[in-house]
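Take a look at the structure below.
Excluded from the calculations below are hydrogen atoms, water molecules and symmetry mates; all remaining heavy atoms, backbone and side chain alike, are included. Sequence positions, counted from 1, serve as the residue numbers for this chain. No experiment lies behind these values; they were computed from the predicted model shown.
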Amino acid sequence: MTEKIELHGHELEFLKNNGKAVIEIDLGERTDECYLIDIFTVDQIDYVALISSETNEIYIFYYEDSFENDEIDLKVVEDEEELEEVFHLFTHYWDDEALDNLVEEYNSDIEHFDGFEDEDDFEYGIDEEDILEDSDSIDE
C-alpha cells in the first residue's frame, strides 16, 4: 500500500513497488548489483531508489515504465540540485535503520535462495522482466 505525505512543500508518495528486485546497473567501466528500495513520486515525477548490494551506495534514477511493452526505463537525474532535493526528501522517509533492515531482508532471502539446488524450488517474487539493466552511466 502506498503512503502519501507532504514534506517541505512537496507531495510525496512512497512504497509504489510490490515486492523485491535485484537490478544490475551499468556504471560505464563497471556494473553494480543493486536491491530495489522503492519506487516513489515527488511532485508527480516518478523516481526509483536502489542500494548497492556491495557498497550500500544509494542511486536515484528517474523511473518510467511502459506496460504495453513490459519495459522499465531508468534515466540519470542530471540536475544536481534536483537530485539533492529528491535525496533529502527520500531520506526523511527511508532512514538508516529502515535501509539496514531492507538490506538484511534481501541478504536473508538470497542466502535462503542459495540453499536450493533447483531455482524452481524457490519463488523469489520477481520475473526476468523485473531485472533491469541501465545503459546510462552515473557521474559520481
Side-chain angles (χ1 to χ4, degrees):
M1 183 171 175
T2 65
E3 185 170 337
K4 295 179 182 183
I5 60 175
E6 285 200 29
L7 184 65
H8 301 300
H10 297 279
E11 292 180 18
L12 307 166
E13 185 175 358
F14 288 96
L15 303 176
K16 294 177 69 173
N17 56 297
N18 294 317
K20 297 177 183 170
V22 178
I23 301 166
E24 186 172 277
I25 58 173
D26 183 6
L27 301 172
E29 296 177 9
R30 65 181 180 85
T31 60
D32 197 355
E33 181 180 89
C34 298
Y35 303 145
L36 172 65
I37 300 171
D38 201 350
I39 298 169
F40 63 102
T41 301
V42 176
D43 298 330
Q44 300 179 349
I45 298 174
D46 289 332
Y47 298 90
V48 62
L50 308 173
I51 189 165
S52 170
S53 64
E54 294 178 21
T55 65
N56 286 343
E57 184 172 355
I58 296 173
Y59 302 104
I60 294 180
F61 295 98
Y62 291 117
Y63 172 84
E64 296 177 19
D65 59 26
S66 171
F67 294 111
E68 297 166 1
N69 300 328
D70 289 331
E71 293 179 8
I72 298 172
D73 192 18
L74 304 180
K75 298 216 185 284
V76 174
V77 179
E78 305 232 0
D79 182 320
E80 288 293 321
E81 287 182 30
E82 176 186 2
L83 184 58
E84 286 178 25
E85 179 70 14
V86 169
F87 183 76
H88 175 75
L89 296 167
F90 168 82
T91 58
H92 275 281
Y93 187 84
W94 284 96
D95 63 13
D96 288 341
E97 183 179 349
L99 290 171
D100 289 345
N101 290 339
L102 183 69
V103 168
E104 284 180 27
E105 285 178 30
Y106 270 102
N107 290 336
S108 175
D109 289 350
I110 289 170
E111 285 176 19
H112 185 72
F113 180 75
D114 287 342
F116 287 92
E117 292 181 24
D118 183 2
E119 290 181 19
D120 295 332
D121 291 341
F122 182 73
E123 275 192 38
Y124 191 60
I126 61 172
D127 297 323
E128 284 185 29
E129 302 93 51
D130 294 332
I131 300 174
L132 311 175
E133 292 187 25
D134 180 51
S135 59
D136 295 326
S137 62
I138 298 176
D139 299 324
E140 299 279 337

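Using cut-offs of 30° and 60° on the angle between ring planes, the pair His88 and His8 is tilted. The aromatic rings of Phe14 and Phe40 lie parallel to each other, their planes meeting at an angle below 30°, with 60° marking the opposite boundary.
Here the CG atom belonging to Leu12 is positioned 9.5 Å from the NE2 atom belonging to His92, to the nearest 0.5 angstrom. To the nearest 0.5 angstrom, Ile5 atom CD1 is 11.5 Å from His10 atom NE2. Remark: Tyr93 OH to Leu89 CG distance equals 14.0 Å, nearest 0.5 Å. We find the CD1-CD distance between Ile60 and Glu84 to be 11.0 Å, quoted to the nearest 0.5 Å. To the nearest 0.5 Å, atoms CD1 (Ile51) and CD (Glu54) are separated by 12.5 Å. To the nearest 0.5 Å, the span separating CG on Asp32 from OG1 on Thr55 amounts to 5.5 Å.
The closest side-chain donor-acceptor pair between Thr41 and Asp46 falls under 3.5 angstrom.
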Practice prompt. Starting from the C-alpha separation in whole Å, work towards a yes-or-no answer on side-chain contact (heavy atoms from CB on, under 4.5 Å) for Asn107 and Tyr35.
Written response: CA-CA 10 Å; Asn107 290 336; Tyr35 303 145; 2.7 Å; yes
Practice prompt. May I have the step-by-step check of side-chain contact (heavy atoms from CB on, under 4.5 Å) for Ile25 and Thr31, ending in yes or no?
Written response: CA-CA 6 Å; Ile25 58 173; Thr31 60; over 6 Å; no
Fill in: Stepwise side-chain contact (heavy atoms from CB on, under 4.5 Å) check, Leu15 with Met1
CA-CA 7 Å; Leu15 303 176; Met1 183 171 175; over 6 Å; no
Worksheet item: Would Trp94 and Leu102 count as a side-chain contact (heavy atoms from CB on, under 4.5 Å) if you check the C-alpha gap in whole Å, the side-chain angles of each, and the deciding distance to 0.1 Å?
Response: CA-CA 10 Å; Trp94 284 96; Leu102 183 69; 4.2 Å; yes
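Residues Gly9 and Asp43 approach most closely at O-OD1, 4.5 Å, considering heavy atoms. The minimum heavy-atom distance linking Asp73 with Lys75 is given by the pair OD2-NZ, 2.7 Å. Counting all heavy atoms, side chain and backbone alike, Leu36 lies closest to Gly19 at CD2-O, 4.4 Å. The two residues Ser52 and Tyr59 come nearest to each other via the heavy atoms CB-CE1, 4.2 Å. The minimum heavy-atom distance between Phe90 and Ile37, with the atom names listed, is CZ-CG2, 3.9 Å. In terms of heavy-atom proximity, Asp38 sits nearest to Lys16 at OD1-N, 3.5 Å.
For residues 88-103, no residue pair satisfies the salt bridge (Lys or Arg N to Asp or Glu O under 4.0 Å) rule, not counting sequence neighbours. Residue pairs meeting the salt bridge (Lys or Arg N to Asp or Glu O under 4.0 Å) criterion with at least one member in residues 1-11, sequence neighbours excluded, do not occur.
Using a 4.5 Å heavy-atom threshold, the side chains of Ile45 and Val86 count as separate. In this structure, Leu74 and Tyr62 have side chains that are not in contact, with every pair of non-hydrogen atoms separated by 4.5 Å or more.
Between Tyr47 and Phe61, a ring centre-to-centre spacing not shorter than 6.0 Å is recorded.
Counting only distance, with no hydrogens or angles, the side chain of Thr2 and the backbone of Glu13 share no donor-acceptor pair below 3.5 Å. A donor-acceptor pair is defined here as one N or O able to donate and one able to accept, closer than 3.5 Å; no such pair exists between the side chain of Ser108 and the backbone of Glu104.
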